[in-house]
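Everything below concerns the one structure shown next.
Residue numbers begin at 1 in each chain, while the letters A, B, ... track the order of the sequences.
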2 protein chains.
Amino acid sequence: MHAVAKPDSFDNVTAGDVAAATGVSRWTVNRAFKKDASISPKTRAKIISAAQSLGYVPDLSAAALASTRSNLVALLVDDFTNPHKLVMMERLTRALRSRGWDTLLVNTLDRDDTAPALLNASQRRVDATILIGVQFDDEVLAAAQSARRFKKLIIFARSSSNSDTISIAVDDEAATREIAHYVIDRRYKRPLYLAGPRTISAHLLRKETFAAVWQHRFGVLPESVSVGRYDSILSAEIAYDTLRDRVGADLPDVVVCENDALALGVIDTIRHRLRLRIPEDIAVVGFDDVPAASSPNYRLTTYRQPLTDMSNYLVDVLERPEATNLDRKFIGRLVIRESA
Amino acid sequence: MHAVAKPDSFDNVTAGDVAAATGVSRWTVNRAFKKDASISPKTRAKIISAAQSLGYVPDLSAAALASTRSNLVALLVDDFTNPHKLVMMERLTRALRSRGWDTLLVNTLDRDDTAPALLNASQRRVDATILIGVQFDDEVLAAAQSARRFKKLIIFARSSSNSDTISIAVDDEAATREIAHYVIDRRYKRPLYLAGPRTISAHLLRKETFAAVWQHRFGVLPESVSVGRYDSILSAEIAYDTLRDRVGADLPDVVVCENDALALGVIDTIRHRLRLRIPEDIAVVGFDDVPAASSPNYRLTTYRQPLTDMSNYLVDVLERPEATNLDRKFIGRLVIRESA
DNA sequence: TTGTATGCGTTATCAA
DNA sequence: TTGATAACGCATACAA
């Protein structure tokens, strides 16, 4: 046998190598790395230590191919302008990874890319696809479902009435009712509801719940305006267009926003372009409690979702193979600051 | 032949199925999905159409196992508080996906998790590991390199002197020099340099370049303070502690920040806690041009990195297998707004 | 241009 | 408890 140089570039060390070094079969080596395999503690210890010195780690790619599970999920994101996305991604990946799941991040480049993105995910044998975007409307979901390429389709942080879908979200109705009652208690009388894109049927729930509570109390529907994207810059523009000619006349006394991304833009406009005070002239309420909401610039009264609980619940669901169709709602809490 | 019910759950359709339906061998089916394979256009068209109706797509997991490439990269992120991370992730995943690469998002949960995170990535057979965090100091990089489990280790948006490492970053020295000269041209005389965590040796470059330019011009070193994390809230606290007792006395006339996350916090403190004007009392300069920097609340003068170019270059490097050790620097541009 | 043998590193299942 | 056989779905290299 001739001398073998240590390979210059990374050479795969497999279970077989460890087996040869330990004097057991390669199947026993694999067993040593499985949680509840029938293997004697002694051989396992011997194998683990040999593996360590050889630099062996199980190849999850091969494991996924051979089994029905990959321990991999795809996370589809289509909206990177909303700062809340960063928070959600952190919580989700933290919960997933700390419990042994890997995450494939898929940027759905534009509206028409949703279907290709879903296909892309399925090509990597993911155990579940998680949607945390906004472009995923009912039509897209239905298409995804009919393709039947997913063990699980999970809508995160957005409710969905779609069947065969797992949705994990905050209870929008309860949350919005709490917001509405807070607004009423503070004796605001002329609300403006600032809603997101009209196409998102699920999100209409917040707007409609607010309208329903208001009408039930005062007999009239609140004023409402829609913003085409969850984007502070655009929201600031729309707020300016809506309010610029009404200063001193019939200005709203509170702007209730579908989320913080919209609320931050509204605050910028009220303070810097209309030169009015918050909350004295106009109060503002948001939803999500993004990091900037607590900044002294905003001090935004908003609604915080229990993202950590929701993320952990998501992993629970992942670990129950039979769970493919459920609709779990969480209760968050209103965070009261100075903006309303 | 008995009637076959459409399987209730997703059943894998493989190249073999398509081959059977088309009357060719399954290797020919695979060829139809390879870009420059020698196959007649006619058979390819026939195969593609059959594949479509059967719902076949190549399994990338199996492809990765069989070949030396996976077309998968790991993106290690350790710092989700900096809003710039969201922008970087968007640009990177966009460039990667639009050119056929998938991204594994790995949240390095805490400092000690870096090595396990790297291992985790290698278990999925990634072609490269991209680091965009801040906790990845030289020690960690060295450990990662010695493990030799990576075809490529790419430090993105941060320069690194490490050998056997690919770094793709903005030219910190040139950028900081431009900032320093701008500050000098505007006749600021008493700068305070607000730096990030002291442990990040690479980032010291900005601070030291600024100090060098200043000393060369005025013969003295500028004042400097360090913030333990790239976090606006913490930065606001440190700025307050540093400046609170100096109002009216020896206040700096400009605060130059290592990045925008720090700058936003500084602005909050100057305006809302010290109740001073920006830029009249104290000017502020940042780095990164995060979305909030253009908000009317901040109007931050800052330095924008050419992230799109950098991301595309990264994919170029990915596609050149021989490239494993290079240090590419990009020139960005100073975005002048009202804060300085 | 097309078909074939072999290997990638696991898991599942059965046998010892 | 351990060993052995057969997939998993594809790529590589070569032969036809």
Side-chain angles (χ1 to χ4, degrees), chain A residues 7 10-48 50-51 54-72 102 122-127 149 151 321, chain B residues 10-47 50-51 54-72 102 122-127 149 151 321:
Chain A
F10 161 52
D11 231 24
N12 254 343
V13 28
T14 76
D17 299 332
V18 180
T22 330
V24 299
S25 74
R26 55 200 188 78
W27 297 275
T28 308
V29 173
N30 289 336
R31 267 191 279 267
F33 285 88
K34 271 188 75 171
K35 236 178 63 191
D36 23 45
S38 59
I39 183 174
S40 76
K42 220 167 62 182
T43 35
R44 168 174 272 160
K46 187 174 60 176
I47 290 169
I48 296 284
L54 288 176
Y56 167 79
V57 279
D59 186 323
L60 300 179
S61 200
L65 183 60
S67 83
T68 56
R69 274 185 60 171
S70 62
N71 265 269
L72 180 69
D102 286 334
S122 78
Q123 288 185 277
R124 294 276 179 195
R125 300 194 148 231
V126 296
D127 288 336
R149 303 200 113 270
K151 307 203 190 111
Chain B
F10 162 53
D11 232 24
N12 253 344
V13 30
T14 76
D17 299 332
V18 180
T22 330
V24 299
S25 73
R26 58 195 190 76
W27 294 275
T28 308
V29 172
N30 289 338
R31 275 191 201 97
F33 285 88
K34 270 188 74 170
K35 238 180 59 192
D36 25 43
S38 59
I39 183 174
S40 77
K42 219 166 65 181
T43 34
R44 169 174 271 161
K46 187 172 62 176
I47 290 170
L54 288 176
Y56 167 79
V57 281
D59 186 323
L60 300 180
S61 196
L65 184 60
S67 83
T68 55
R69 275 185 58 171
S70 62
N71 264 267
L72 179 69
D102 286 334
S122 78
Q123 288 185 277
R124 294 279 178 194
R125 301 193 149 232
V126 296
D127 287 337
R149 305 200 112 268
K151 307 203 191 112

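Paired with A:Asp59 under the rule side chain to side chain donor-acceptor pair (under 3.5 Å), one option of B:Arg124, B:Arg125, B:Gln123 passes, and it is B:Arg125.
Within the 4.0 Å cut-off from OP1 or OP2 of C:dT11, not a single side-chain nitrogen or oxygen of A:Thr68 is found. In this structure, B:Thr28 reaches the C:dG3 phosphate: one of its side-chain N or O atoms is under 4.0 Å from OP1 or OP2. Residue A:Lys34 places no side-chain N or O under 4.0 Å from the OP1 or OP2 atom of D:dT1. At least one side-chain nitrogen or oxygen of B:Thr43 sits closer than 4.0 Å to the OP1 or OP2 atom of C:dT2. Contact check, B:Ser25 against C:dT4: no side-chain N or O comes under 4.0 Å of OP1 or OP2. Residue A:Arg69 has no polar side-chain atom (N or O) positioned under 4.0 Å from OP1 or OP2 of C:dT11.
Minimum interatomic distance between B:Arg44 and B:Ala32 (heavy atoms only, all atoms of both residues): NE-O, 3.1 Å.
Along DNA chain D, the nucleotide nearest A:Pro41 and the nucleotide nearest A:Trp27 are compared for position; the residue whose nucleotide lies closer to the 5' end is A:Pro41. Nearer the 5' end of DNA chain C, as judged by each residue's closest nucleotide, is the contact made by B:Val24, out of A:Ala62 and B:Val24.
Rounding to whole angstrom units, CG of residue B:Leu60 and C1' of D:dC10 are separated by 10 Å. One interatomic measurement links the two molecules: CZ of A:Phe33 to C1' of C:dG9, which rounds to 13 Å at whole-angstrom precision. For the pair A:Leu72 CG and C:dT10 P, the interatomic distance rounds to 17 Å; values are reported in whole Å. With rounding to whole Å, A:Arg125 atom CZ is found 12 Å from C:dT11 atom C1'. Spacing between atom CG of B:Leu65 and atom P of C:dT11 amounts to 12 Å, rounded to whole angstrom units. To the nearest angstrom, P of C:dA12 lies 15 Å from CZ of A:Arg26.
Taking 4.5 Å as the limit, some side-chain heavy atom of A:Ile47 sits within range of a side-chain heavy atom of A:Val24. Under the 4.5 Å side-chain criterion, counting only non-hydrogen atoms from C-beta, B:Arg31 is not in contact with B:Thr43.
Closest to the side chain of B:Ile39, out of D:dC10, C:dT2, C:dT10, is C:dT2. Listed candidates were C:dT10, D:dT2, D:dC10. Nearest to the side chain of A:Ser40 is D:dT2.
Counting any heavy atom pair closer than 4.0 Å across all strands shown, A:Asn30 reaches a base atom. Among the protein residues, A:Arg44 comes within range of no part of the nucleic acid, since none of its heavy atoms lies under 4.0 Å from any strand.
At a cut-off of 3.5 angstrom, counting only N and O atoms as typed in the model, there is a donor on one side and an acceptor on the other between the side-chain of A:Arg31 and the base of D:dG3.
Taking CG of B:Leu72 as the start and OG of B:Ser61 as the end, the distance is 9.5 Å to the nearest 0.5 Å.
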